[in-house]
Amino acid sequence: MTNSIAEIADADFILTTGTNTTEGHPVIGIQVKKALRNGATLAVIDPRRTEIAELAHYHLQIKSGTDIALLNGLANVIINEGLWNKEFVQERTEDFEAFKEVVAKYTPEYVEEITGVPADTIKEVARGYAKAKKASILYTMGLTQHVCGTHNVFAVANLTMLCGHIGKESSGVNPLRGQNNVQGACDMGALPAFYTAYQPVANEANRAKFAAAWGVEELPSKPGLTVGEIFDQAGKTIKAIYIMGENPVLSDPDANHVIHALESLDFLVVQDIFLTETAQLADVVLPAASFAEKDGTFSNTERRVQLVRKAIEPIGQAKPDCEIICLIATAMGYPMRYNSPAEIFDEMAKLTPSYAGISHKRLEQEGGLQWPCPTPDHPGTKFLHAGKFARGLGKFHAVEHIPPAEMPDEEYPFVLSTGRRRYHYHTGTMTHRTGALEVFYPTEFLEISCEDAEKLGICDGDILRVSSRRGTVEVAAKITDRVVPGLVFTSFQYPDVPINKLTNPVRCPIAKIPEYKVCAVKIEKVS
Amino acid sequence: MTTVTLTIDGIQVTVPKGTTVLEAAESVGIFIPTFCHDPELSKPGACRICVVEIPGARNLPAACVTEATEGMVVYTASEAVIEARKTNLELLLANHPEDCLTCHKNGDCRLQEYAYFYGVKAEAFSGEKHDYPVEEDNPFIVRDMNKCILCGKCVRVCQEIQGNNVLDFAFRGFSAVVTPAMNTTLSDTDISNCVFCGNCVAVCPVGALTEKAMIGKGRQWEVKKVKTTCPYCGVGCQFNLNVKDGRVIGVTSADGDVNGRFLCVKGRFGYGFIHHPDRLTTPLIKKDGKFVEASWDEAIALVAEKLGAVKEQYGGEAIGVLSSARCTNEENYLMNKFARAVLGTNSIDHCARL
Ligand code: SF4
Ligand code: SF4
Ligand code: SF4
Ligand code: FES
């Protein structure tokens, strides 16, 4: 997020796209509701009528996968009506002309044709956003899990720069992270092309710095493979995989492909707190400690580093992941030993400019700190890009509407979209074992519109067979007006409904994010 | 900023204009009891346990809704004040079940605390008592309206903070009760609109609202509270893990940087996986297609040998590593170091894209 969570409540215009905020990030939902009580205007872009869409002044119910057209349409209105921030564009950005040329054809009428959102609504929302004093855009995976995901994000950035709604309190671009420490995992170099804090591995000076700190002669220079590429190469160039705390068999698109990939390895080791669907395929399973059994830090979606504190001893013989990694490294002839997670943090902070001023001791005394925090006396950074973007000038990326890779056709007439439920988390490994959440919300269902249900002769609770070109699952029907005719929706959080057997593994070519939000399916009634 | 100076129990206090008498008193450490007041919610001034004496004012005004003014003189513990508070408590106790022995809130209940402080016993007005059925048809929250003192904090937190408008007052006088719409239960979510955030439980001053799974698991004074960060979504709420005898028995609100006292259903009620019997408790090695339990030494040696062999034969690039968006920064940093420096591969990633 370029802003902090608390700043959301002070925005006077909030545009959300592809975020089911009150279910996916409930406590941020609280901030949005607070802003509404303070008089803010809320516009929600979502193909589904979610709870937050119902609260909104404008629900822009687009056809799945048409975000760019809509965002370009908003920019078109803002430019045509002269509502853009000329000073900001002049001083802080580049490549505006090319952008202007591309959005010229996205008139509200043209965009209405593509997205299904009335031209007048597009105009009103464009004006509202442009004229607001403090305007915040929130988005999540609903925007990025598309074949054009990166372009979608560019389209959002274009809009904020056009209006100068960035680099200020309560104004900015705010991706909401789905998992507790996605931000931290990225910051810590769990990425194929980067060390900590996005320092490229391809850069020789970086390699030299890390090699020296880690006491090795050299480090590999070629950026590695992403998750999807690792699975594609399994059994080919990839012979062994070490998985810590992930369950790709349920979370990755095209599950059958992942299972096959893992089975074709010479060696698979999985380290987790449960025997997940993925761990079952392993040669060796290592029992890890849960968050309650270890010290450390998580970095949240607003870049705030916060302490995780050990409350109990590890269950059985389980060990914290840090300790396990140290044991393996040492057994492989690279002695690794730390007295505490605080010591690991200190080593990391020395190598990581944006975390350099943070330590467990400071977090203990002052509470959470938001990076960048370069020095021990730096208070942390509430919002990014004040006065200057990280790269200097903000770049407009002219982007065009790209239709989803797989559109419905005669054989597979429905669009399937996937997401999360309030009562569950990710693949459900934890939330199906709480004695409470799964008791209240035990089964998954497929949301389908009344019109479609009637056409297919389906009643609430009927078991449906849903198939795509890649696989089939069975799931109960839930007839609802949350989805429009032609669209069906379910979550990926139930092992009994492994919906990712159906989803399309085609990826955004830049960010390599799979297109979970759109694939074509057919639906038959089983009982 | 304009300020006003007043005298509370003989102490001079200077506060910004607009401050309430309650806030002014608290700012110098003077205690005034409250039931219905909460600094983050609107102020109904309804329960009147916070009354104080202000010479010249009519009756005894409620400190939580009375603005401090220049030259004001306030007595927070005069005879009239104590008398009024005692009567207030006697009336509340008169139709309150005498259940402190088994009540989960014992030791953390304002009614109990103030009754003790003012030496009020239950028998003074033994009157008609309520006999509401205890609502426990959901796995998260138990609502026992027999213990409700009608402070209205749950109503307001749900309206003003959570924004779900689940609860409201119904009926009047002795029959007054807090309830979801149409007298349904919280679990009927289509009507109640409840999302089980438990934020109402977090503000209830008595034992009327409790976390179901914590009941009977530990007395307030036996529990160690450890403040930590939620393991679920990316908001980063903080809360207290409640620990007794080496077990996590529940989650209660802490003052989180991001969330204050407020949480969602996953954070507040999703801790049960920690002690779930399915937890892996020992290393496992697959032999002839079946997992067998192994010692750490054996498992580590095998992993080191196998990874070492692949590295030897095909080079480090033949090893892929998945780190985790659910592990800590320290763990992710170490995994990044291990992959690159020890295994010699840059093919390390995690499921950020998923
Ligand atoms: S649990 Fe949350 S939504 Fe339900 S009544 Fe309480 S505050 Fe309202
Ligand atoms: S249930 Fe608790 S918070 Fe709600 S009105 Fe009764 S005493 Fe107050
Ligand atoms: S309590 Fe809920 S909103 Fe807060 S971090 Fe946990 S899962 Fe997210
Ligand atoms: S606390 Fe002041 S009236 Fe209730």
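What you see below is based on every heavy atom in this structure, not just the backbone, and it leaves out hydrogens, waters and symmetry mates. Chain naming here is simple, since letters A, B, ... match the order of the sequence lines and numbering starts at 1 in each. Given the structure is predicted, the values throughout are model-derived calculations rather than measurements.
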Less than 4.5 Å to any heavy atom of chain B: does that hold for the side chain of [X], its backbone, both, or neither?
| X | answer |
| --- | --- |
| F274(A) | both |
| A288(A) | backbone |
| V284(A) | both |
| Q271(A) | neither |
| V305(A) | side chain |
| F194(A) | backbone |
| L369(A) | neither |

(request) For R207(A), enumerate each residue passing the salt bridge (Lys or Arg N to Asp or Glu O under 4.0 Å) test, keeping only those at least two apart in sequence or located in another chain. (result)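 For R207(A) there are no salt bridge (Lys or Arg N to Asp or Glu O under 4.0 Å) partners, ignoring immediate neighbours.
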(message) The criterion is salt bridge (Lys or Arg N to Asp or Glu O under 4.0 Å); which residues satisfy it with E160(B), sequence neighbours excluded?
(response)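 Expected list: none.
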(request) Mind jotting down which residue pairs meet the ring pair (Phe, Tyr, Trp, His ring centres under 6.0 Å) criterion with at least one end in residues 226-277 of chain B? Sequence neighbours excluded, please. (result)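 Qualifying pairs: Y425(A)-Y232(B), F140(B)-F269(B).
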(message) Can you tell me which portion of V310(B) sits under 4.5 Å from chain A's heavy atoms? Options are side chain, backbone, both or neither.
(response)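 Interface part for V310(B): side chain.
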(message) Taking 4.5 Å as the heavy-atom cut-off, does anything in residues 287-296 of chain B contact chain A, and if so which residues?
(response)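 Counting heavy atoms that sit under 4.5 Å from chain A, the residues of residues 287-296 of chain B involved are F291(B), W296(B).
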